[in-house]
Number of protein chains: 2
Amino acid sequence: MDERKYRILQAIIDDYILTAEPVGSRTISRKYDMGLSSATIRNEMSDLEELGYLDQPHVSAGRIPSAKAYRLYVDQLLESGQLKSDDEASVRAYFAGRARQMEDVIDHAAQVISNMTNYLAVVLPPSGRQPLIRTVQLVPVGPGSALVLVVTDSGIIRDTVIPCPGQLDHDSLYAISRQLTEELEGHSIEEAAAIISGMTGRLHESARFLASLSDYFDAHTDAKPRRHVAVGGTSKMLTYPEYSDMEKVRGLLSLVETRDRLAAIVAQHGDVAFTVRIGPESGIPEMSDCSIVTATYSTRAGEQGTIGVIGPTRMRYSRVLSVLGTMGQQLSELFGAAGEFPEEESER
Amino acid sequence: MDERKYRILQAIIDDYILTAEPVGSRTISRKYDMGLSSATIRNEMSDLEELGYLDQPHVSAGRIPSAKAYRLYVDQLLESGQLKSDDEASVRAYFAGRARQMEDVIDHAAQVISNMTNYLAVVLPPSGRQPLIRTVQLVPVGPGSALVLVVTDSGIIRDTVIPCPGQLDHDSLYAISRQLTEELEGHSIEEAAAIISGMTGRLHESARFLASLSDYFDAHTDAKPRRHVAVGGTSKMLTYPEYSDMEKVRGLLSLVETRDRLAAIVAQHGDVAFTVRIGPESGIPEMSDCSIVTATYSTRAGEQGTIGVIGPTRMRYSRVLSVLGTMGQQLSELFGAAGEFPEEESER
DNA sequence: GTTAGCACTCACGAGCGGTGAGTGCTAACA
DNA sequence: TGTTAGCACTCACCGCTCGTGAGTGCTAAC
């Protein structure tokens, strides 16, 4: 695999990304002035095919890059590190002066990514280690019911309405809140249920109330919060010829619809800046001719979120990587900026 | 338009809804035993076409019902009122023992409707008159910031983090909360901002804090909360032959993507039980060959929500109407059941 | 090692006739 | 007067053939 072969391969990939049509030897020698005749290119292409970098849909058509070729291409791209983009300013502009509620930001980010890349964009909210309780507060919301509000160090607030005895008024609920805060501060949600059970003795006058509180924490322990998954640009997928097949679109669309599954697919595992899964690499049948590119961002509390793009294998990787890079940075800044008030979200 | 014509028309509609293919005279006389020969049916069909109830894609094809025909059909259906369905039990089963958070319910309802009808389902959360404030509570969430929690009579809770002076601790925030609650109870969010401004005098020690509180209410006045719109079964649309055209699908899909617009389209205005908009009746170009059927449900607080189904004009109207009817009832029950603890939602 | 030339392949689209579902019309029938 | 049988006609659809052209692989010359 010499230098010249690589340059030819790159040209083929570039052309294919642009046109989605098999590219022939003449195209390369003409459009990308290699100083080589089509015949020479042809020989090289033949070699590249043997090496597994090119596929031929049929004898008399041009070549298309294989997954292996994209892999090489992307690896090279990542290695070279030249992903500096000039759209940092425009990304920043998109967020300037905007409401800063978590879900809004997430949704908006998905929109922006999709608009800048013209692919399907997915944004997962931050999630990380067990958040620790900071404050617990009970607020009366009506006769016989109170709202449980839990503030954690990652700024996440869980709220649910639970039943409570009628005789507990605003002030007594406050007293209980203070006591609860004292006991639970610094502990995880998981531990909270047990601790409350232990408290039953002291606050004997409202044993049943505490029981339902304990239940509440119990319920929230394993019930991993159904995270809001932001998606943008679904309809953009339909513009690409590779998705002119209804069956494919249907598969993809129903996958995108089941947000849990989508989140699981996009969620990034390692600690790397970028993940690129090309075609069959993802192991997801519906995605066999899609590529998935993801990046991470992080919040001040150390939580990690994921942003991702799903598109055809002949994706404009460099563009996508640069957009994701910029956006990841922007989100990290937005969620991590010290001295700012934290972004809070009510979980469901 | 005599009885026989109507029966023939109905048969044509039924058949077309089933097959999506132009239906011929022979089909009618054979499959639906009318006791008439195809020739007679043919004459009647010719009449029906003249009356505007049937269209002919081309000379040598069968007839398809026009929007006018569907209109007649649906009106008759609604009038007859025989929409009693036997899936009340199954709808109920879907909700038994389920988490009862507003957004969960909404999402789930969309899923269920879509599964039962095989069309695209949309569910809008309840919204109605200006909710009145019941309780205001400030909770410290970190150094220099506090969470504002507003409980309203419609069970809606608004929460946002605002900056607050560092010297205000848990107890003093509570004191302020009590005072705020006293002043604001029974007022609308809109009025709150003004009232708080008036309070500045009394709580002079924290004028700046109150100012930001006032800002908070101001911000929430007109910023109509971006409601969570639940959608289910988008991919189901692709199974119908009328959406084999990519362009159509794209239009529809991008409409569904912009939730605001979708909500505006689906949102029901009047106070009627059902709304049926057939094809061009909706006035939305992308929807020219879709029908939109909506129904309402209501909460204890008197708010109204909308559930809707979007499908091809040759929709199984009776099925859809019955499912929507049952679901509307179920949701009303769920949100309105007296003696239960209210469903709360955190707005964004 | 590179290039020109040439025979060969094969997807794609246009053109074409056969097929069949469905119609409208007419004439006969109750 | 309404219903029905019969028949000629229309036209979308399907499968077929064939020409076209992009692209290849191979060979021979530079």
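Chain letters run A, B, ... following the sequence lines, proteins first and then strands; every chain starts at 1. We use all heavy atoms of the structure for the numbers below, so side chains are in, but hydrogens, waters and symmetry mates are not.
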>> Using the salt bridge (Lys or Arg N to Asp or Glu O under 4.0 Å) definition, which of the options A:R250, A:R261, A:K248 pairs with A:E286?
In response: A:R261

Partner nucleotide of [N] by Watson-Crick or wobble geometry (both distances under 3.5 Å):
N      : answer
D:dC13 : C:dG18
D:dG19 : C:dC12
D:dG25 : C:dC6

> Between A:Y73 and A:D14, is any side-chain donor less than 3.5 angstrom from a side-chain acceptor?
Replying inline: yes

>> For A:D15 and A:Y32, which I'm curious about, is there any donor-acceptor pair between the side chains at under 3.5 Å?
In response: yes

So, is [X] close to the [N] phosphate, meaning a side-chain N or O under 4.0 Å from OP1 or OP2?
X     : N      : answer
B:S25 : C:dG22 : no
A:R30 : D:dA22 : no
A:S60 : C:dC8  : no
B:S37 : D:dT4  : yes
A:R42 : C:dT3  : no
A:R63 : D:dT24 : yes

Nearest-Å distance for atom pair [atom1]/[atom2], residues [X] and [N]:
X     : N      : atom1 : atom2 : answer
B:H58 : D:dC13 : NE2   : C1'   : 9 Å
B:I41 : C:dA21 : CD1   : P     : 18 Å
B:Q56 : D:dT10 : CD    : C1'   : 11 Å
B:N43 : C:dG24 : CG    : C1'   : 9 Å
A:I28 : D:dT24 : CD1   : P     : 10 Å
A:E44 : D:dG25 : CD    : C1'   : 15 Å
B:D55 : C:dT23 : CG    : P     : 14 Å
A:M45 : D:dC26 : CE    : P     : 15 Å

> Looking for any heavy atom pair under 4.0 Å, which part of the strands does A:S38 touch: base, sugar-phosphate only, or nothing?
Replying inline: nothing

>> Heavy atoms from C-beta onward define the side chain here; which of C:dG24, D:dT4, C:dG22 lies closest to that of B:A39?
In response: D:dT4

>> Using the rule side chain to side chain donor-acceptor pair (under 3.5 Å), only one of A:T117, A:N118, A:D87 pairs with A:R319; which is it?
In response: A:D87

> Want to settle it: does A:R26 or B:G35 sit nearer the 5' end of DNA chain D, counting the closest nucleotide to each?
Replying inline: B:G35

> So which heavy atom on A:E88 is nearest to which on A:T326, and how close?
Replying inline: CA-CG2, 3.4 Å

